[in-house]
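Notes to accompany the following structure.
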There are 2 protein chains.
Amino acid sequence: MGGFGAQDDRVADSVQIGLTAVIVAVTDDEPRVLVVRRVDHALASTEDGVAREGDVLDDDSLEALPYGPFYPGRHRTLDAGLRGWVEEQTQLDLGYVEQLYTFGDRGRDPREQELGARVLSIGYLALAQEAKPSGAGEALWQNWYRYFPWEDWRKGKPAILTQELEPGLEEWATQADTPSEVRERFARIDATFGSEEVRWNEDRVLERYELLYEAGIVTESQRDHGLTVVMSDYSHPMVLDHRRIMATAMGRLRGKLKYRPVVFELVPPTFTLFELQKAVEAISGNLLHKQNFRRLVEKSGLVEGTGQFESRTGGRPAETYRYVRDILTERLTAGPRLPMGKR
Amino acid sequence: MGGFGAQDDRVADSVQIGLTAVIVAVTDDEPRVLVVRRVDHALASTEDGVAREGDVLDDDSLEALPYGPFYPGRHRTLDAGLRGWVEEQTQLDLGYVEQLYTFGDRGRDPREQELGARVLSIGYLALAQEAKPSGAGEALWQNWYRYFPWEDWRKGKPAILTQELEPGLEEWATQADTPSEVRERFARIDATFGSEEVRWNEDRVLERYELLYEAGIVTESQRDHGLTVVMSDYSHPMVLDHRRIMATAMGRLRGKLKYRPVVFELVPPTFTLFELQKAVEAISGNLLHKQNFRRLVEKSGLVEGTGQFESRTGGRPAETYRYVRDILTERLTAGPRLPMGKR
DNA sequence: TAATATATACTCAAGTTGAGTATAAGGAGC
DNA sequence: GCTCCTTATACTCAACTTGAGTATATATTA
């Protein structure tokens, strides 16, 4: 069944499966993603998906998410396949792992032609305590706002939005063919990037990236359409559709933060409430009201005080807490409806 | 890159991709899923994944979700592949389509051996206005509580829970090896099925199904472990892992209902507010407070009255409404925090 | 015309949220 | 020691949301 046995003259070549991981950690109050540096595939091909010693590392090389092939013979499950090569390559012990999405558009991988195979990629989100990705591999932690500077509102509305993106989007909208299409484009911009009436929704990372891609504002869309790429100076592109995969991960993580206790995967075993808050802020990209955050976390019953105090903060010492990993309480944790900082 | 070119002696056979669709509609205030009937694969193999005329349809045949292979040569995207064969086979015009999850555990498809290939399946959720799936194929609409009778709380707590499942789960819990494992099992039961302290969470459909599977309560788990299947009399099994895929879809749809205006994909173009409410109730499996539902929907600004009235309901005629498909309002719609009916 | 449905409007207490003010407890500089 | 600065923690309060009613309107049917 499934018709897999049947032959169809239109049926194409085989399929290859890649696993792509967005591995996230928070250090120094910044969200970080594990990336590898690779030569752009438009220019050259390398042998293997995971960076190794000897790979080119010059400044023109493009960044990629760590990824590797799925070997059906070796791994019983997809998750096991992912954990396998990630742990092998980076010595990282992944905690929380979640499958995101399977990306399979034709042409997403330029090697499809030479391979004679369609390359599907299954994207994963993984959370880790930051650790040096030691051993083989040129993996390194990068601030994820390097790739999405418009997503960080912790210091107010990012300048890049007002100065670069909004003008670019507006130009794209007005260039539509029909007046009704122009209106529709403006409506989409408002819905994803916010406006007077519609507030910025931090979860819509993917929709924003896709709109920028469609508007030709993001480097990848020029590259994918065969245009000469003028390296954009305000955000960093990635190999293939890896920035799209990262946007998917970011949106999913931001959403999950609101109803599942995932922050605790990103902070050390004991932490002060303010450290916890700053981890949430790092991921969600905006600031929270300190007193309300505290009230919420305490009420949730997800944490308990240790009786220990932390005094390296300058002011009154803060009590440290630990996460109470109660299966029953694995329910909704929140952040309060993340407010947009002070306007 | 990706190491796809490299040969590895441990690397196994190729991979085949199937697309499996959970197509949902609501009619007569019941949620329905499109299923096809097929002979159980443990007993016999058929030629194709989509039911056709001539397929066995006797009472012992197992039910399956409609699914078909993904032809990389024919379809530019995975979504296009899905829409392609669904529309071809069922004449159904799919509206909302969403990718759910990629299932790839070894052994999920018993044909893997004979094919010499690993069979991955990408699950999709699709919403449709019910229509007769005419033409070729033995597809038919089934009430989805046929497969998950414990998920329908609209008439109070389902008897099957108290009479069959809870005793079964309890027995499974007490049979654990160590006392701490026993405690952990009970905690998992409470967390997924609710208890005095933890209320039933209608979104956790998959977790509940998986717990039942693990506890050996559900037919599939006996079958998959090679035990003689005593056809369970209280819920209906499906081929392979199709019931798991369906559980994933149901959980996702229930969750989405709360923050995206997806109900409108399931009701006709004009509807009374009570019809809308009953569609939500059908999906979520519990009853809502009528006056509050009305208040919520009206406040949301997602609907507008048509000025027309509908009088076939017996009492005072109800105004009909239509969905205002405003891109800006494609934001959170809700149901109120679905309450558990009258206790 | 009464009884019975259903639809729609309004009320109210309890809880949640956003945004403050007030107070506590440390260190640095003098 | 005292003052100032910093951060932590406690408490307040108005606005809004939610759950659960009661009240009224407008049909059909006996």
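None of these values were measured; they are calculated from a predicted model. So you know, we letter chains A, B, ... as the sequences are listed, proteins then strands, and number each from 1.
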Grab the [atom1]-[atom2] distance between [X] and [N] for me, whole Å please.
X	N	atom1	atom2	result
B/Lys290	D/dT22	NZ	P	16 Å
A/Leu296	D/dA10	CG	C1'	16 Å
B/Phe274	C/dA5	CZ	P	14 Å
A/Phe309	C/dG27	CZ	P	14 Å
A/Phe293	D/dA10	CZ	C1'	17 Å
A/Tyr259	C/dT16	OH	C1'	21 Å
A/Glu319	C/dA24	CD	C1'	14 Å
B/Leu273	C/dT6	CG	C1'	13 Å

Problem set entry | Per-nucleotide protein contact string for nucleotides 24-30 of chain D (B base, S sugar-phosphate only, - none; heavy atom under 4.0 Å) | -BBBS--

Applying side chain to side chain contact (heavy atoms under 4.5 Å, CB included), can you list everything that pairs with [X], at least two apart in sequence or on another chain?
X	answer
A/Glu98	A/Tyr96, A/Leu125, A/Arg252, A/Lys256
B/Lys290	B/Phe274, B/Gln277
B/Ala282	B/Val26, B/Pro31, B/Arg154

Exercise. Among all residues two or more places apart in sequence or in another chain, which pass the side chain to side chain donor-acceptor pair (under 3.5 Å) test with B/Arg322?
Worked result: B/Glu304

Exercise. Is there a donor and acceptor pair closer than 3.5 Å between the side chain of B/Gln291 and the base of D/dT22?
Worked result: yes

Taking the side chain of [X] as heavy atoms from C-beta outward, which of [options] is closest to it?
X	options	answer
B/His289	D/dG21, C/dG18, C/dA7	D/dG21
A/Asn292	D/dA8, C/dA9, C/dA19	C/dA19
B/Arg295	D/dA8, C/dC12, C/dT17	C/dC12

Problem set entry | Residue pairs involving residues 277-287 of chain B (criterion salt bridge (Lys or Arg N to Asp or Glu O under 4.0 Å); sequence neighbours excluded) | B/Asp29-B/Lys278

For this session: Could you check A/Val303 against A/Phe271 for side-chain contact (heavy atoms from CB on, under 4.5 Å), going step by step and ending with a plain yes or no?
Result: CA-CA 10 Å; A/Val303 298; A/Phe271 45 83; 4.1 Å; yes

Exercise. Just checking, is any N or O donor in the side chain of A/Thr320 or A/Thr306 under 3.5 Å from an acceptor N or O on the other one?
Worked result: yes

